[in-house]
Amino acid sequence: MKKMVVAIFLIPVFLIGCNQEQTIEVKDSNEEQSETVKEVIRNSDEIYTGNAIFIEDQLLVAVQAKPWLDYKKRKIEKKLQKEVEEQFPDLEVLVSADYKLYWETQKLLDEGDEQKVSEEVEKLKKLAKEET
Amino acid sequence: MVILFKTKPSILACGSVAGPEERKSVFYSYFDAVVEDERWNQKTNEQGQAKMIQEACEIIMNKANLKNLDIDFFLSGDLVNQMTPTNFAARELASSFIGMFSACATSISSLIVASLLTELSASEYAIAGASSHHNATERQFRYPINYGGQKPATAQWTVTAAGYALIGKHNPSLPSIVAGTVGKVIDYGEVNPFHMGGAMAPAAFDTITAHLKGRNQKISDYDLIMTGDLGKIGLKILKAMFAQTGAQQNELDVFRDAGAEFYGEDEAYLAGASGAGCSAAVYYSYIEQQMKSGRYKRVLLCATGALLSPLSFQQGETIPCTAHAIEITME
Amino acid sequence: MDQQQYQQIEDQITPPTPYVKNVLKAFLIGGLVCTIGHAFTYFYIIFFNFTETTVGNPTAATMVFIAALLTGLGIYRKIAQVAGAGTAVPVTGFSNAVVSAAIEGKTEGFVLGVGSNMFKMAGSVILFGVASAFFVALIKLILVTMGVVEW
Amino acid sequence: MIFLDFFFAFLIGGIICVIGQLLMDVGKFTPGHTLSILVVSGSIISGLGWYQPLIDLAGAGATIPITSFGNALTQGAIAEAEKHGWVGVLTGMFEVTSSGISAAIVFGFLAALIFKPKGKAN
């Protein structure tokens, strides 16, 4: 049993030790916009992965903070929201660190139907506002 | 405190009944009946316990070839609210009845009173004993049966069992009661309701010491001194107390405890068995049979009882305890 | 023999509480219960429309259901004897307290037995939860009104 | 990364249980006292605004222990107090919900319909 306990504690230390590269994916036809949003996300050290969806006048950014920094993910979310809004003042921006949004946007990245993406983004925005 | 019975009332017959869980008891083969359903096919645990008491009494009457009306007195008690199972069983038995409460020491206190009534010739046949029912008692004193509370190693398991004895005039070929000691209430300040052995050991010590002193006897005068339900840890404490007052190892070997032995070495029962039915079922089956067979000539049975209630425990009171002893000989 | 002498003998013979073992078991089993709960949060997030904010309720309800089942089957009690606080502290322990008391009261009928017994043990948790929520909210309101803290 | 997420659920949940075990073993509190203390602690931590970060970090590791019950009630009361002021502190009491309680009531009722207590040691 002791070995098991030690193992459980050692694996995370190991995982935290090797810092992987950030993976950021964007769904957009506009190359310039893509690079900008990637750059903004990349500037936040706390984030290890993120998806951004541009659709019509909407921008949905779903990110995942590093698990050991999750305790301050609401602050990370707010900070990033502000930064993204500054870069895209014309767009309706929503930044979320919620896993649900990250999971769903992951699926949207390969979705071809624009109409469907738009509907899905609307739905996710509503979901993100629910409190209980 | 010590009462001498000059007419030496005898234990004419015994009846013991146990529940399904008690199949695991080392005394299992000595019991008269074991039932499959822990509620005795009744609607409630309490009704089941009443049925169990009735059954034990019926066994006795069958053995002694008696009818309900032949029984002059019924002396008994249990641990559930105002002893309702016993009261309901007494309703069916239809003999003169005194409900007695000394918690788990009721198995002996009832025997002392029955012996007194016989000594006075007020009773020809008296049934004395006690019972306990695991589900009904645990619920009353501790938590619901299925509640997940961690019990310490000192905790004991309330048995589902009833043990009764028929007391009548002296018969030289049967175990006879020669003396009894009614114990005082002793309280050494134990508050942990999961350490009954520790709470009750001083009471057993006090009563046994008083009995030996009053009878001018030594421990070695007995083949066996058996306490009721001190449990494994409580018995160790009792032996340590006697060791400190100068008892030798061979004298300490005379001591046994029904609760400590009841379930053998099974660790699921922690420190062993407890409950009024534990001592009663062992005394009025195993001990009676062992005496009849001649293995033991003189034994001292000392049942201990913790006189707490759920209320007194919640109000932060300590646990007062008592112990009653009876000396039985076989000629 | 006086009380003090007896206390000494009793302490000597009574086996000590295995603190380290108990804590370790509570940690492992309690942690495991929460990890199972965490697996349910992922399940509800991925397959249903729950976010991390709203997933707490279905997760708790699922764990409560499992605990109720195990309680009814008499298994929860056996796990708890090993786990101690590991099964008492999670919401499953609350479920166990409510369900075991409810089952126990059945012989007195559904109104006098089940109904009034149900919160025999869990009642204090509800009392202190609601009362402390009230006072904490009150204190916070006072502090905000005084300008000491912000919402 | 998902492993780390589960690890934190295990760690925080385990630690809260250890606190409970210490209260019972060292503090000699009954289970009822222990759980009450934990619920009140959860409520106070919630009032200080530290419980939500704990949930963000550990997920079910913070929502499954009974401390989260104190948090849920307190957050409900505070939210109402923020909206409606003094009246809100009172009405907040009626607004707050906890699925754990309602679920326990419903399943407790159903279990009482089905099961019967059985006293078996093993």
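On a predicted model such as this, the values are computed, not experimentally measured, just so you know.
Considering only heavy atoms from C-beta on, D:Ile101 comes within 4.5 Å of C:Phe94 through its side chain. Residues D:Trp86 and C:Leu138 meet the side-chain proximity criterion, which asks for heavy atoms closer than 4.5 Å. Annotation: side chain of C:Tyr42 is in contact with side chain of D:Ile2 (closest heavy-atom distance under 4.5 Å). Looking only at side-chain heavy atoms (C-beta outward), C:Phe110 and D:Leu113 come within less than 4.5 Å of each other. Side-chain contact between C:Lys140 and D:Leu48 is absent, with no heavy atoms from C-beta onward closer than 4.5 Å. The shortest distance between side-chain heavy atoms of D:Val89 and C:Phe134 falls below 4.5 Å.
Both the backbone and the side chain of D:Ile78 have a heavy atom closer than 4.5 Å to some heavy atom of chain C. For C:Val23, the parts lying under 4.5 angstrom from a heavy atom of chain D are both the backbone and the side chain. Looking at C:Val98, only its side chain comes within 4.5 Å of chain D, counting heavy atoms on both sides. Looking at C:Ile139, there are no atoms closer than 4.5 Å to chain D (heavy atoms on both sides), in backbone or side chain. Contacts between D:Asp5 and chain C at a heavy-atom distance below 4.5 Å involve backbone atoms as well as side-chain atoms. Residue C:Ile29 does not touch chain D at all, counting heavy-atom pairs closer than 4.5 Å. Looking at C:Phe119, only its side chain comes within 4.5 Å of chain D, counting heavy atoms on both sides. Interface residue D:Ile15: backbone and side-chain heavy atoms are both found under 4.5 Å from chain C. For a residue to count as touching a neighbouring chain, one of its non-hydrogen atoms must lie under 4.5 Å from one of that chain's; by this rule C:Ser124 touches chain D with backbone and side chain alike. With a 4.5 Å cut-off on non-hydrogen atoms, D:Phe6 touches chain C through its backbone and its side chain both. Proximity to chain D (any heavy atom under 4.5 Å) is shown, for C:Met121, by neither the backbone nor the side chain. Only the side chain of C:Thr145 comes within contact range of chain D, judged by heavy atoms closer than 4.5 Å. For chain C, the nearby parts of D:Val26 are the backbone and the side chain; heavy atoms of each come within less than 4.5 Å. Heavy-atom distances place both the backbone and the side chain of C:Ala39 under 4.5 Å from chain D. Only the backbone of D:Ala58 comes within contact range of chain C, judged by heavy atoms closer than 4.5 Å.
Ranked by heavy-atom pairs under 4.5 Å with chain C, the first of D:Ile16, D:Leu38, D:Ile105 is D:Ile105. For the set C:Leu73, C:Asn96, C:Val114, the entry with the most heavy-atom pairs within less than 4.5 Å of chain D is C:Leu73. Taking C:Ile103, C:Thr107, C:Val144, C:Thr17 one by one and counting their heavy-atom pairs under 4.5 Å with chain D, the maximum is reached by C:Ile103. Chain D forms more heavy-atom pairs under 4.5 Å with one residue of C:Pro58, C:Gly86, C:Gly74 than with any other, namely C:Gly86. Across D:Gly13, D:Ser46, D:Pro65, D:Gly20, the residue that shares the most heavy-atom pairs under 4.5 angstrom with chain C is D:Pro65. Of the listed residues (D:Ala9, D:Gly70, D:Gly14), the greatest number of heavy-atom pairs within a distance under 4.5 Å of chain C belongs to D:Gly14. By number of non-hydrogen pairs under 4.5 angstrom with chain D, the leading residue of C:Ala61, C:Ala122, C:Gly56 is C:Ala61.
Between the CZ atom in D:Phe69 and the OG atom in C:Ser132 there is a gap of 8.5 Å [rounded to 0.5 Å]. How far NZ of D:Lys116 is from CD of C:Glu104: 12.5 Å, rounded to the nearest 0.5 Å. With values rounded to the nearest 0.5 angstrom, D:Leu11 atom CG is found 10.5 Å from C:Cys34 atom SG. The CG atom of C:Asn22 sits 4.5 Å away from atom CG of D:Asp25, with the distance rounded to the nearest 0.5 Å. Here C:Leu141 contributes atom CG and D:Glu80 contributes atom CD; the two are 12.0 Å apart, rounded to the nearest 0.5 Å. Note that CG of D:Asp56 is 7.0 Å distant from CD of C:Glu52, once rounded to the nearest 0.5 Å.
A pairwise comparison of heavy atoms in C:Phe128 and D:Val40 identifies CB-CG2, 3.8 Å as the closest pair. Residues C:Tyr19 and D:Lys28 approach most closely at OH-NZ, 4.0 Å, considering heavy atoms. Of all heavy-atom pairs between C:Ser95 and D:Ala104, the closest is CA-CB, 4.3 Å. Across every non-hydrogen atom of C:Ala85 and D:Cys17, the tightest pair is CB-O, 3.3 Å. Considering all non-hydrogen atoms of both residues, C:Met63 and D:Ile64 come closest at CG-CD1, 3.5 Å. Contact record, D:Ala112 with C:Ala102: CB-O, 3.8 Å, taken as the closest heavy-atom pair.
Taking the six-membered ring for Trp, C:Phe27 and D:Phe10 have ring centres closer than 6.0 Å.
Although no hydrogens or angles enter the test, the distance criterion places a donor-acceptor pair under 3.5 Å between the side chain of C:His38 and the main chain of D:Ala60.
Shown here is C:Gln3, whose CD atom has more than 12 heavy atoms of other residues, nucleotides or ligands within 6.0 Å.
In summary, of the residues considered (D:Leu35, D:Leu23, D:Ile19, D:Thr67), a side-chain contact (heavy atoms from CB on, under 4.5 Å) with C:Val89 occurs for D:Leu35 alone.
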